[in-house]
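Each chain gets a letter, A, B and so on, in the order the sequences are listed, and its residues count up from 1.
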Amino acid sequence: MAHDNSYTGQKFQVIGNRFARPDGVDKVTGRARYGADANAPGQLVARVLRSPHAHARIKKIDTSKAEKLSGVKAVITSDDLPDLTGGNRGMTDILENCMARGRALYDGHAVAAVAAIDEQTARKALKLIKVTYQMLPHVTDVDEAMQPEAPVIHDWVFTGGMEPKPTKPSNVANRTEMGHGDVDAGFAAADVIVERSYKTEQTHQGYIEPHACLASVNPDGSAELWVTTQGPFSYRNVCAGLLGLDIAKLKVTASEIGGGFGGKTHVWAEPLALALSRKANRPVKLVMTREEVFRATGPTASTSIDVKIGAKKNGEITAATLDMRYQGGAFPGIWGMLGCMTGFACYDIKNQRSVGWDVIVNRPKVAAYRAPSAPMAAFAVESTMDIVAGEVGMDAVDFRLKNVAREGSQAPYGPIFGPIGIESALQEVKKHPQMKARLKKNQGRGVACGFWFNIGGQTCVDLNIGEDGTVNLAVGTVDVGGARSSLGMIAAEELGISYDDVKVHVADTASLGHNDTTEGSRGTFSSGMAAIFAARDAIEVLKDRAAQMLDVPRDAIVWEKGEARAKGTQYSNLPKLSLREIAAKAARTGGPIAGHNEVTADGAGVAFAAHICDVEVDPETGLTRVLRYTVIQDAGKAIHPDYVEGQFQGAAAQGIGWGLNEEYVYGEDGRLQNPGFLDYRIPVCSDLPFIDTKILEVPNPNHPYGIRGVGEASIVPPLGAIGNAIANATGVRMHHVPMSPVRVLDALDQAEASESQVSAG
Amino acid sequence: MRYESPASTKEAVALLAQEKGSAFVLAGGTDLLVRMKAELIEPDLVVDIKRIPAMTDIRVTEKGFRIGAAVSAAQLGRHKALCKAWPGVVEAANLIGSDQIQGRCTVVGNLCNASPAADSVPALVAAGAKAVIVGRNGRRTVPVEKVITGPGRTSLEKGEVIEALTLPKPASRTGDAYLRFTPRTEMDIAVVGVGISLALERGTVKKARVCLGAVAPTPILVPAAARALIGSKLDDVALARLATACSAACNPIDDKRGTAAYRIRVAGVLARRAATIAFQRAGGKA
Amino acid sequence: MSNAVLVSTTINGDTVEFACPADEVLLDSLRDRVGLTGVKEGCGTGDCGACSVTLDGELVCSCLVLGVEADGRAIGTVEGLTENGDLHPLQQNFIDHAALQCGICTPGFLVAAKALLDRNPNPTETEIRYALAGNLCRCTGYDKIVRAVQASAKDLRKAKKR
Amino acid sequence: MLVSLNGALRAAAGGQDSVNIEASTIRQLIERLVDRYPAMAGEVDKGIAVAIDGVVYRDDWTQRIPENAEVFLMPRIAGG
């Protein structure tokens, strides 16, 4: 896409400042309405019955007693959700994940649902539903699921990406291979080769707001859904498809969203709420409990990864390979593929090969989690990079710089990088004061890098100018982290007006054209692009109107600093017309003044980050505390620096939680043992230090302002940075994430044991 | 479910004794309401004891302290005399949950919930706390370590409630401490907890009580650990013997919060650290 | 509603009556019966702090209080933080310091931070972090929240001196 | 024009890591690929992206492909 790049590097009036967000007051006063904050007349309360078994055949569901309970208005099972997907595998997987069809595939899989007049009645009704299960063998570990003796979860899964195609079904949905060059020759040329294996456990996005919606289906086939989602348009399309509704007749309104991080990109229980509403012919409110959120929605993959890196004595990497096994829960995923595409992206490695396996297990269907798949691959690569640096006797940062990807380097997924920021980020690392902070006993420092693609996609905005000259910008990308401020700033910048004169809101699906889900750090990138074009579209209308008002030819009008002016000496006595003045006369100069844009915002700039982490390890308990932490990331262009920093800090905090303590713990019985915030330990305020940030701006040439997505890349480095810091503090390398006290103490013990063995021998 | 908030202990006892269905005492509610939410219990009667005057205050008595059963951990933390006399007990109580939980949770509730990992219990046991139990047949006083009989089980009989806990007036040169291990700094359940109180005479440990939490089905008083300290000036040898005794006394399980081996190991480590703090608080010099 | 109990209480200074089942938690009473949806549910088990309110001045999780317990007591929620229509310094500083992203945890943080500053007008960074440890935030990494609380403490101390 | 293939697309093209195809737009490129390798249709359904001279296009099939451009075909990605 050819863009006008003249704005890159221009002097901005509004962009780069720190304005108050438009939804700020609502959110600090409790007025903002989230998923669970809407009500409708006559609404019912929905509750979902979930399988307590990891894998079981559902022989019978007897709902008769529940149906007879006073106050129960609808009970549904999969029979109420006939398969209308026409064999579209992706859609049938979603349907089956929403409610089990003959088989419960994981602990927490929905089996039936009720709608009743109140919560008490709904709970009571669930207890009256009798499900007869026949237990089936289950598997929850990614490596075990790949073994030939493992129970095969789906008989229709034949590993894709294999030549020849396998003749027997297995739990391996796909094999993906990426890379370039000749790795065998590369390894042959290496002076040092390091091979290591790593494991990472499953984590959850952990948004504080549970999934919640209010569904209302009318007998005439029209329907409304108020829901906390990252993608109201995608929710609309999927729900309409699963329920057989017309897309235009299902209006989805995205509520304020209490965090998503990828977990609210997919439908979970929303189709159930709609089906219940249809059956009861009343509005139905469905709010998940925290336990349901953990057991049945969007965790990320757990992994098992082998990495091999070869280098010359001078530090040049000659070859590298990754073999990565990602479990995607009970349905096929694309997670191994994403691991292949990101693992080595920070480095210019001429001979590289990455193989990813997508594995099915009896766990909930994996959803995207902030730079999905990249943190695990990066943990393996960044840990091994430090080991190789040690083997060749180089400083770990210098070793990375020696091999760093630059403009012209080939990405693991094929293309050649344009201008990118990882080299600058590593140079900033070297300069950063944290690198000189003194480390005491049991303290250590680690550095790691991270990459994420970012995406663009279908986008559509409306910009409407009121008669007082204030501006409404309607966007279709949900604002998860403060994007409304940035988009308002962009519109103000283009129009040349004050930020206070622009109000941005997120439109419902009936009021705006399709917008892709807010994922892949695309919100500000793509809606920002559309906002620029919509503003320019409006400016053309403003110029038309000004020409009329001044009675000059259209092409004599120019737009500068929020004003129309007729250029040329013959017009020098004419006044300038402000946007406000033109807007006031709109009714008599041709009607409403608006700007629109529909765009496929391709050309998202890739994002890179480098982090510095200082830790202290208690050698007697294995406890690791983060002492200091710095994030350096390329933002292309920071529209609102506060919220860019906020993305960096939030992503780093999630990565730290993942690295140290967060994990799904499954029992032998295949049940999740810690579905709550007490034992699924996300970092609390006292666990973290201030997180220092440094925003780099290497403009993305494919965006008019040079914007890159900033939301995801900084969750990628923390796992490796922490591992490297622990190794620096203790001399012991961790191979299993999270690096919890039990695992660290165990590793310290093993190291001591092998050392004493060596000295004894 | 029926909710009652009687004004006297006697009334509370009568309500609990007469209830034919399942009856529960509501003090802070920080465990009870969680269990109700999870549908682990469905009470027919809940008796709120927070409007019973005898249960809602901390009294300084001739013998020491009397802590009402409905006194929140936050109240304990604000009681200067108690903080001075039994800092270990107060710091243990103040480790339970967040400030929000502190505003509600009680040490008696912590005790009656009978979790092996209860934070306040090892400190109370080490301090020699006693429970004042009231039932239809009158009141009895039992050492705190006799209250918990197993995970989630107590020696209270139907209709009995704990009205208060008593703590002795500490002898001079007494110090106590509680340490727990958790992966997070706050908002966590103890993987191991150690409560120690000791009394010195001329710089030497004269008396000691050591109680471990989260390493057995109930918090356990470890006499061998106390013996390791008595007669010592808390030198490295004594501390090593303490650690060994504590680790030896553990009978833990592997669970989602930690492995048995880890608990055994860390029990010794924490015991050493807690003993050092208690020793300093008692005025001892290493 | 079976076994409904009439509760008479004070919320943000106003006398309020509502009827609720005896086993309903205060969080649900506030949200569903009184309409104070600024009080958020993140977990229902006291582990996230999104439902923080004050009960007779004491900071609590409203998910761990029964609605009936509120009878005769005084409750404070995020909706009561503004005074005479003006934002409380904490509210203003949360906006100014970008201390919220998604904002779902914000009401709980504000109520907890106010409870902290009421009892300790000049907390250290560590004191702030421990006092707010019962409030989970998944968006910010807490950095800007701690800074906003520090700035508010300063503003409030200045206002007091005047 | 040499079009490099990545990931599952290699298997769909019988294991080749690049193919020779003449096309002036993304649409043309994809249509001709599917004609030649029917297995590719399944991959197109799952979603693919095209990188032209380093810029990744996920959706816009009207995009023109300049002569001598460096073209990579890869699976379409998602994000958080």
Side-chain angles (χ1 to χ4, degrees), chain A residues 18 20-21 23-34 36-37 39 118-120 205-210 256-261 287 289-291 480-482 629 640 642-643 645-654 656 676-678 682-693, chain C residues 1-2 21 23-24 28 31-32 36-48 50 77-79 81-82 87-88 90-92 94-108 110 125-126 128-147:
Chain A
R18 298 170 191 249
R21 56 195 289 163
D23 52 330
V25 173
D26 281 346
K27 286 182 174 171
V28 300
T29 54
R31 283 177 220 160
R33 296 204 312 154
Y34 292 82
D37 297 339
N39 294 301
D118 59 23
E119 170 88 27
Q120 283 181 314
Q205 294 82 347
Y207 31 81
I208 308 298
E209 181 200 27
E256 288 292 344
I257 179 171
F261 316 110
V287 181
T289 63
R290 177 55 52 184
E291 184 185 324
V480 196
Y629 204 96
H640 192 311
D642 274 344
Y643 291 105
E645 291 164 8
Q647 289 294 322
F648 292 5
Q649 290 164 336
Q654 286 187 319
I656 292 168
F677 278 138
L678 187 59
I682 78 172
V684 301
C685 195
S686 46
D687 289 336
L688 296 174
F690 282 124
I691 297 169
D692 196 13
T693 56
Chain C
M1 209 190 314
S2 54
D23 60 354
E24 179 172 289
D28 291 341
R31 287 179 54 82
D32 299 339
L36 294 175
T37 53
V39 188
K40 302 298 180 196
E41 174 162 355
C43 68
T45 50
D47 301 315
C48 81
T77 74
V78 68
E79 286 91 346
L81 284 186
T82 51
L87 293 183
H88 186 278
L90 275 163
Q91 294 174 308
Q92 191 61 52
F94 265 60
I95 297 176
D96 294 347
H97 287 78
L100 55 139
Q101 285 179 33
C102 83
I104 192 87
C105 68
T106 307
L110 290 168
E125 183 205 332
T126 304
I128 293 172
R129 287 189 180 278
Y130 276 83
L132 298 179
N135 294 81
L136 298 181
C137 170
R138 194 59 159 169
C139 295
T140 64
Y142 305 103
D143 185 292
K144 292 180 192 299
I145 291 175
V146 175
R147 290 180 201 278

*Would a distance-only check, ignoring hydrogens and angles, find a side-chain to backbone donor-acceptor pair under 3.5 Å from A:D26 to A:R31?*
no
_Between the side chains of A:E209 and C:R138, is the shortest nitrogen-to-carboxylate-oxygen separation below 4.0 Å, so that they form an ion pair?_
no
*Between A:T693, A:T289, A:L688, which shows the greatest number of heavy-atom pairs under 4.5 Å with chain C?*
A:L688
_Exam field: side chain A:K27 to backbone C:T106, donor-acceptor pair closer than 3.5 Å_ = no
_Approximate separation, where rounding is to 0.5 Å, of C:C139 SG and A:Y207 OH_ = 12.5 Å
*Interchain contact, A:A36 with chain C, by part (heavy-atom threshold 4.5 Å)*: both
_Atom pair NE2/CZ of A:H640 and A:R21 - distance to nearest 0.5 Å_ = 8.5 Å
*asked:* What's the separation between atom OH in C:Y142 and atom CZ in C:R129, rounded to the nearest 0.5 Å?
replied: 9.5 Å
_Heavy-atom pair count under 4.5 Å with chain C, highest-scoring of A:G259, A:G206, A:G482, A:A651_ = A:G206
*Let me know if C:L87 has heavy atoms under 4.5 Å from chain A in its side chain, its backbone, both or neither.*
side chain
_If you count heavy-atom pairs within less than 4.5 Å of chain C, which of A:N39, A:V684, A:I691 leads?_
A:V684
_Under a 4.5 Å cutoff for heavy-atom pairs, which residue among C:G38, C:G134, C:C102, C:A131 has the most contacts with chain A?_
C:C102
*So what's closer than 4.5 Å to chain C heavy atoms on A:I257: side chain, backbone, both or neither?*
backbone
*If you count heavy-atom pairs under 4.5 Å between each of C:K40, C:Q91, C:E79, C:Q101 and chain A, which one has the most?*
C:Q101
*When only pairs under 4.5 Å are counted, which of A:G676, A:P683, A:A20 shares the most heavy-atom pairs with chain C?*
A:P683
*Could you look at A:Q647 and say if it's the side chain, the backbone, both or neither that has a heavy atom under 4.5 Å from chain C?*
both
*asked:* Please classify the contact between C:N135 and chain A as side chain, backbone, both or neither, with a heavy-atom cut-off of under 4.5 Å.
replied: neither
_With no hydrogens and no angle check, just 3.5 Å: does a side-chain donor-acceptor pair link A:Q649 and A:D692?_
no
_Distance, nearest 0.5 Å, that separates OG1 of C:T140 from CD1 of C:I145_ = 3.5 Å
*Which is it for A:Y643 and C:K144 under the side-chain contact (heavy atoms from CB on, under 4.5 Å) test, yes or no, and what are the steps along the way?*
CA-CA 10 Å; A:Y643 291 105; C:K144 292 180 192 299; over 6 Å; no
*With only heavy atoms counted, which part of A:V287 is less than 4.5 Å from chain C, the side chain, the backbone, both or neither?*
neither
*Taking it one step at a time, do A:F677 and A:I208 satisfy side-chain contact (heavy atoms from CB on, under 4.5 Å)?*
CA-CA 10 Å; A:F677 278 138; A:I208 308 298; 4.2 Å; yes
*asked:* At a 4.5 Å cut-off on heavy atoms, which part of A:F690 comes close to chain C: side chain, backbone, both, or neither?
replied: both
*C:E125 portion near chain A, given a 4.5 angstrom heavy-atom threshold*: side chain
*Look at A:E119, A:E645, A:R33 and state which one has the largest set of heavy-atom pairs under 4.5 Å with chain C.*
A:E645
_C:T45 and A:L678: CA distance, side-chain angles, deciding distance, side-chain contact (heavy atoms from CB on, under 4.5 Å) verdict_ = CA-CA 9 Å; C:T45 50; A:L678 187 59; over 6 Å; no
*Given the options C:A50, C:G103, C:G46, C:G44, which has more heavy-atom pairs under 4.5 Å with chain A than any of the others?*
C:G103
_Between A:D687, A:I656, A:D642, who has the most heavy-atom pairs with chain C when the cutoff is under 4.5 Å?_
A:D642
*Measure C:L110 against the heavy atoms of chain A and call it side chain, backbone, both or neither at under 4.5 Å.*
side chain
